[in-house]
Chemist: 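Supplied in structure tokens, the structure appears directly below.
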Amino acid sequence: MSVPSVAPLDASKLRIELTPSPKDLPDPSTLVFGQTFTDHMLTAKWNIQTGWADPVIQPYGPLALDPSSTVLHYAPTLFEGMKAYVDKQGRTRLFRPDLNMARLNRGAARLAFPTLDGETLTELIKELLRVDQRWIPTAEGCSLYIRPTMIGTRASLGVGPSTEVLLFVILSPVAKYYASGAKPVSLLGSTKDVRAWPKGTGSYKFGLNYGACVQPQLEAAQQGYQQVLWLYGDDDEVTEVGMMNFWGAKRGANGVVELFTPPLGDIILPGVTRDSVLALARAHADPSHPFRLAGLPDELVVSERKVTMPELRDAARDGSLLEVFGTGTAAVVTSVERIGYRDEDVVVPVEGGSTGGFGRIAEAFYDVLQAIQYGDAEHEGWSVLV
Ligand SMILES: *Cc1c(COP(=O)(O)O)cnc(C)c1O
């Protein structure tokens, strides 16, 4: 039996249709996250018989979908979240795009979508960034959010493999997340709703994982908390902070500070920021590595391990809890000041930062990540020029 030869995604086949009516650039101070989009988008269609059609950069606008498209019924859809940054020399940079591409492909395989060459998609995203270059805000701390998405477009109510898929990438200018200064957040530990579960799909950026998180988020807001701390299981295992990875720090009985985050697995999203914080923390903690991060204790233990809410509550009570924070592309780092847990408020210290918006450890990671992302510091080729 001969294997059908299907076309791979090919950046050399890119067609560019420029918009006849470029929009006015928004005032960066009025930007609300994810509500303003640039002039163009990238699209590429895939079909099981022919493979990838030629990718197109075209004017940003509505998609035409058959109402029976599987994405509208059974949610075969995944997304990525990354950013483009302008450095002091005016050059555009991406941060570790290879990790976003690997995560996208891992999700595509799980949804029985075609996988693609990550370098080719990165090339196409770079081309889109060149076309919409004027949209990348240059004010300090601003960036252009990049949203690659894949959806199943087979027109059929039968549940089955996506024989047709649409890949698209849209761009949204975003203001500095902490425009009015960093502020620690309050969390409500969810003992009623679960975000992800063993052998489930919580470790993928699938649309289906997010829609159902809104109602618990509203409930937390009604009770006076800003985000949900997603707990799992009978021992109230800590998993994630809203849409961020979870980090905690405490002083051990021997006086040494431990920085900890839950291990990857089915219930944790493998964040690019999480991976970066881990790598930086481990380099700092390794005496044979030259990297040192000001703000972290000289001696540091870095753990990926199970964390439970009772452990955090007890550490807060006995004074050994130093900090809790979340990490993700949108805000980079967010400190936590309070966690509502089983009718109690666990108060978390936010100390040692330069402004009060961050704890000392959170601030150290925030500062170094921003410096790398904006090209002010170099670290292992993480920042990639467009
Ligand atoms: C995207 C996401 C993160 C953070 O991932 P980054 O790659 O660091 O942006 C964390 N948790 C969830 C649930 C996410 O969707």
Side-chain angles (χ1 to χ4, degrees), residues 33-34 75 77-85 94-108 110-111 118 121-122 125 143-150 169 172 174 177 185 187 189-190 193-198 200-214 216-217 220 226-232 237-248 261-281 304 307 324-336 362 365-366 368-370 372-373 379 382-384:
F33 179 82
T77 171
L78 64 82
F79 65 95
E80 268 305 319
M82 49 206 287
K83 281 175 169 176
Y85 312 83
L94 293 170
F95 181 69
R96 309 189 75 188
D98 52 320
L99 295 189
N100 295 97
M101 297 300 117
R103 194 167 63 187
L104 176 140
N105 271 327
R106 196 179 143 261
R110 180 65 182 81
L111 282 180
L121 181 52
T122 304
I125 290 172
S143 56
L144 189 67
Y145 186 80
I146 305 169
R147 171 53 63 89
T149 310
M150 288 174 90
V169 181
S172 176
V174 289
Y177 199 87
V185 296
L187 310 178
S190 71
D193 302 294
V194 170
R195 191 196 84 87
W197 46 89
T201 57
S203 71
Y204 302 94
K205 278 182 128 57
F206 289 171
L208 59 89
N209 292 331
Y210 297 85
C213 290
V214 174
Q217 160 69 41
Q226 285 154 294
Q227 296 194 29
V228 176
L229 176 62
W230 297 103
L231 305 179
Y232 177 79
E237 190 175 341
V238 171
T239 66
E240 300 211 42
V241 181
M243 280 178 72
M244 293 182 285
N245 289 115
F246 175 93
W247 293 87
T261 191
L264 294 183
D266 301 334
I267 58 175
I268 303 292
L269 195 292
V272 175
T273 323
R274 175 190 182 278
D275 186 87
S276 305
V277 167
L278 257 186
L280 292 166
E304 289 179 273
V307 184
V324 169
F325 56 94
T327 61
T329 297
V332 191
V333 176
T334 302
S335 281
V336 173
F365 287 114
Y366 179 78
V368 70
L369 285 168
Q370 292 272 103
I372 298 167
Q373 287 163 342
H379 192 85
W382 284 358
S383 180
V384 174

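As the structure lists them, so they are numbered: ligands from 1, and atoms in each ligand from 1. Computed from a predicted structure; not experimentally measured.
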Chemist: Just checking, any donor-acceptor pair under 3.5 angstrom between side chains of S276 and R96?
Modeler: yes
Chemist: Any nitrogen or oxygen of R195, main chain or side chain, under 3.5 Å from a nitrogen or oxygen of ligand 1?
Modeler: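 In this structure, R195 places no N or O atom under 3.5 Å from an N or O of ligand 1.
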Chemist: So is there a nitrogen or oxygen of V272 less than 3.5 Å from a nitrogen or oxygen in ligand 1?
Modeler: yes
Chemist: What class does the angle between the rings of F33 and Y145 fall in, given that below 30° is parallel, 30 to 60° is tilted and above 60° is perpendicular?
Modeler: perpendicular
Chemist: Please report whether ligand 1 has a polar contact with T327, defined as an N or O pair separated by less than 3.5 Å (distance criterion only).
Modeler: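 No, since none of the N or O atoms of T327 sits under 3.5 Å from an N or O of ligand 1.
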Chemist: Is R103 close enough to touch ligand 1? Criterion: a residue heavy atom under 4.0 Å from a ligand atom.
Modeler: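 Contact check R103 vs ligand 1: positive.
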Chemist: Between N245 and T273, does any side-chain donor sit less than 3.5 Å from a side-chain acceptor?
Modeler: no
Chemist: Measure N245 to ligand 1 on non-hydrogen atoms and call it side chain, backbone, both or neither using the 4.0 Å cut-off.
Modeler: both
Chemist: What closest approach, in Å, do V228 and S190 show between heavy atoms, and which atom pair accounts for it?
Modeler: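 Shortest heavy-atom contact: CG1-CB, 3.7 Å.
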Chemist: Honestly, is R106 close enough over Y204, meaning NZ or CZ under 6.0 Å from the six-membered ring centre and within 45° of the axis?
Modeler: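 Yes, R106 and Y204 form such a contact.
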Chemist: With only distance considered, is E240 within less than 3.5 Å of ligand 1 through an N or O on each side?
Modeler: yes
Chemist: Using a 4.0 Å heavy-atom threshold (strictly under), name the region of M244 that reaches ligand 1: side chain, backbone, both or neither.
Modeler: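 Within the 4.0 Å criterion, M244 contacts ligand 1 through backbone atoms alone.
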Chemist: Any salt bridge linking E240 with R274? Criterion: basic side-chain nitrogen under 4.0 Å from a carboxylate oxygen.
Modeler: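 The answer is no: the pair does not qualify as a salt bridge.
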Chemist: Please state which protein non-hydrogen atom is closest to atom 9 (O) of ligand 1 and give its distance, to 0.1 Å?
Modeler: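 Looking at atom 9 (O) of ligand 1, the protein heavy atom closest to it is T329 OG1, 2.6 Å.
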